[in-house]
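The structure presented is a predicted model; accordingly, all values stated were derived computationally and were not measured. Chain letters run A, B, ... following the sequence lines, proteins first, then strands; residues in each count from 1.
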Amino acid sequence: MTREIERVAGIPVVQIATIVPIMLTVGTNRIVPGIAIPHPTGNPALGPEGDKAVRRELLLRSFKALTTPVTEQTIFEK
Amino acid sequence: MTYRIVHYINQFYAGIGGEEKADHKPELREGFVGPGMQIEKLFNGEGKVVGTVICGDGYYGEHTDQARTECLEMIKGLQPDILFAGPAFNAGRYGFACGDIAATVGEELNIPTVTAMYPENPGVELYSKKTFIAITSDSARGMAKAIPTMVGIGTKLLKGDKMGPARLEGYIHRGIRKSFFHEKSGAERAVEMLLAKLKGESFRTEYEMPVFNKIPPAAPVKDLKTATIALVSSGGIVPKGNPDHIRVSSAESFGSYDISELKNMTPENYESIHGGYDREWANVDPDVVLPLDVMRELEAEGVIGKIHPIFYTTTGTGTAVANSEKFGQEIGEELKKAGVDAAILTST
């Protein structure tokens with residue numbers, strides 16, 4: 001889905017998910033590793049504040065991915 | 001009975017000429033021409049090549065609809081029991097023509113069709129599911145092996161004999177799996193494979209993974225502060241009650257929902273219907289899968305221009321690759337039309 005949106009719309013798409021090898025296999029170009037399979041963009045164990053902080057950091061990293069020129073599949077680690 | 005065989009070949013194997021004759025229009029000749037002689041011989045009196053349809057590869061490729069119609073009419077007139085096409089080896093346009101006429105004849109006349117190609121011939125990807133493609137070497141040097149394989153497959157199809165697995169019969173896998181009882185359980189077979197792998201021995205998977213395409217990365221967003229960013233998810237986040245009945249697994253549709261007035265995803269307005277992960281956390285706060293709350297904050301802070309008013313969602317468990325690609329294409333079209341600059345896609 002990520003790859004086809006990027007191809008058809010001609011826009012960068014960043015995918016946030018936990019199993020990085022699957023994103024590499026299906027052809028995602030900009031990858032941000034998620035926190036966990038059932039909660040990729042949060043960490044409820046850290047309480048409401050911590051959960052939001054995690055989400056914020058992931059989104060800022062996703063923006064960095066979207067504004068960074070890449071020539072191949074790239075994983076944006078913390 | 002004597003089977004009525006029709007053979008399709010190109011201008012080269014008909015002895016008409018090479019590339020300079022590639023525009024040769026469809027022509028019907030009685031009996032066999034070129035490699036058809038060997039086909040008839042291997043039928044050992046049980047079959048006769050009643051006609052050979054010849055068409056230039058360039059003509060078939062450039063005037064496909066016309067060539068297909070003309071060839072089909074000629075073949076139909078011969079009332080065949082089976083069609084053989086090629087072998088095309090690694091000739092791309094010939095492979096396309098062989099695959100196309102074989103698939104067409106199979107569908108229109110409802111008779112078995114067999115062609116033959118090198119596995120990397122582009123005709124393979126297009127037609128391997130619509131006809132039987134015997135595996136050949138990359139050049140005509142493999143003719144002596146190719147014809148008996150084609151005839152072997154064709155004979156089985158004509159007589160209704162049981163067709164074995166592709167790798168044993170010598171044709172390209174048609175994507176069909178047959179169920180049968182194995183004397184060993186799946187667990188035993190899996191451990192055997194693992195042990196073989198650990199020892200560095202060869203083993204054969206029982207479930208081949210699909211091959212995915214890769215694309216060059218799109219150019220980055222130039223100015224985040226003015227960019228419109230869309231949110232997309234395969235994490236099964238839908239408006240409470242799942243109004244569009246998106247399936248909990250093996251999704252066949254996606255939903256698009258207006259979130260322009262929504263600041264935050266809560267258990268009151270959104271939920272997860274995904275059948276492939278523990279929904280406990282997502283149903284307490286859907287933002288852990290679709291991060292709308294913090295996106296709104298970042299939008300208010302001016303970090304990004306704005307969030308696209310429409311959010312796209314489906315369930316990504318057991319969903320067919322072809323469906324996922326189709327969803328992506330349809331969502332991509334809509335985002336393009338709306339002038340969206342980038343997308344964030346979350347998956348579970």
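The local environment of CD in A/Glu49 is sparse, with at most 12 non-hydrogen atoms from other residues, nucleotides or ligands closer than 6.0 Å. Within 6.0 Å of CD on B/Glu120 lie no more than 12 heavy atoms contributed by other residues, nucleotides or ligands. Other residues, nucleotides and ligands contribute at most 12 non-hydrogen atoms within 6.0 Å of the CD atom of B/Glu125.
Annotation: maximal heavy-atom pairing with chain B below 4.5 Å, among A/Ile16, A/Val13, A/Asp51, A/Val70, occurs at A/Ile16. Among B/Leu298, B/Thr319, B/Ile331, B/Asp278, the residue making the largest number of heavy-atom pairs under 4.5 Å with chain A is B/Leu298. By number of non-hydrogen pairs under 4.5 angstrom with chain A, the leading residue of B/Leu335, B/Asp223, B/Val289, B/Val321 is B/Val289. Highest contact tally toward chain B, considering only A/Ile5, A/Thr2, A/Thr68, is held by A/Ile5 [criterion: heavy-atom pairs under 4.5 Å]. For the set B/Arg279, B/Gln329, B/His274, B/Glu334, the count of heavy-atom pairs under 4.5 angstrom toward chain A peaks at B/Gln329. Counting heavy-atom pairs under 4.5 Å between each of B/Met295, B/Lys326, B/Lys337 and chain A puts B/Met295 at the top. Across A/Ala36, A/Gly27, A/Pro40, A/Ala65, the residue that shares the most heavy-atom pairs under 4.5 angstrom with chain B is A/Pro40. Comparing A/Asn43, A/Thr25, A/Thr18 by how many heavy-atom pairs each has under 4.5 Å with chain B, the most go to A/Thr25. Your options are B/Thr348, B/Leu345, B/Val284, and the one with the most heavy-atom pairs under 4.5 Å with chain A is B/Leu345.
In this structure, chain A has a heavy atom under 4.5 Å from the side chain of B/Val303, while its backbone stays farther away. For A/Leu24, the part sitting under 4.5 Å from any heavy atom of chain B is the backbone (N, CA, C, O) and nothing else. In this structure, chain A has a heavy atom under 4.5 Å from the backbone of B/Leu290, while its side chain stays farther away. Residue contact with chain A, scored on non-hydrogen atoms closer than 4.5 Å, involves the backbone and the side chain of B/Val340 alike. Of the atoms belonging to A/Thr71, it is backbone heavy atoms, and not side-chain ones, that fall under 4.5 Å from chain B. Proximity to chain A (any heavy atom under 4.5 Å) is restricted, for B/Asp341, to the backbone atoms N, CA, C and O. Only the side chain of B/Asp293 comes within less than 4.5 Å of a heavy atom in chain A; its backbone stays farther off. Heavy-atom distances place the side chain of B/Asp285, and not its backbone, under 4.5 Å from chain A. The parts of B/Ile215 that come within reach of chain A are both its backbone and its side chain, each placing non-hydrogen atoms under 4.5 angstrom from that chain.
Using a 4.5 Å heavy-atom threshold, the side chains of A/Phe63 and B/Ile229 count as touching. Within the 4.5 Å cutoff, the side chain of B/Pro217 has heavy atoms near those of the A/Glu6 side chain.
Taking both residues in full, the closest heavy atoms of B/Ala218 and A/Pro12 are given as CB-N, 3.6 Å, listed atom of the first, atom of the second, then distance. Across all their heavy atoms, B/Ala219 and A/Arg30 have their closest contact at C-NH2, 4.1 Å. The two residues A/Leu66 and B/Ala343 have their closest heavy-atom pair at CD2-O, 3.9 Å.
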- Message: Applying side chain to side chain contact (heavy atoms under 4.5 Å, CB included) to A/Val8 and B/Glu330, what does each step give before you reach the verdict?
- Response: CA-CA 8 Å; A/Val8 171; B/Glu330 290 173 16; over 6 Å; no
- Message: Could you walk me through whether A/Asn29 and B/Lys214 satisfy the side chain to side chain contact (heavy atoms under 4.5 Å, CB included) test, starting with their C-alpha distance in whole Å, then the side-chain angles of each, then the deciding distance to 0.1 Å, before giving a yes or no?
- Response: CA-CA 9 Å; A/Asn29 284 324; B/Lys214 303 275 161 82; over 6 Å; no
- Item | Check against salt bridge (Lys or Arg N to Asp or Glu O under 4.0 Å), A/Arg55 and B/Glu297 | CA-CA 11 Å; A/Arg55 192 143 54 249; B/Glu297 291 179 12; over 6 Å; no
- Going through the distances and angles, do B/Phe254 and A/Met1 end up as a side chain to side chain contact (heavy atoms under 4.5 Å, CB included)? CA-CA 11 Å; B/Phe254 65 88; A/Met1 200 154 78; 5.8 Å; no
- Could you walk me through whether A/Val32 and B/Ile344 pass the side chain to side chain contact (heavy atoms under 4.5 Å, CB included) check? CA-CA 10 Å; A/Val32 169; B/Ile344 295 175; over 6 Å; no
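Of the possible donor and acceptor atoms, one in the side chain of A/Thr41 sits under 3.5 Å from a partner among the backbone N and O of B/Val288. Using a distance-only test at 3.5 Å, with no hydrogens or angles considered, a donor-acceptor pair links the side chain of A/Arg3 to the main chain of B/Asn213.
Of the inter-residue distances, the one linking A/His39 atom NE2 with B/Ser272 atom OG reads 13.0 Å to the nearest 0.5 angstrom.
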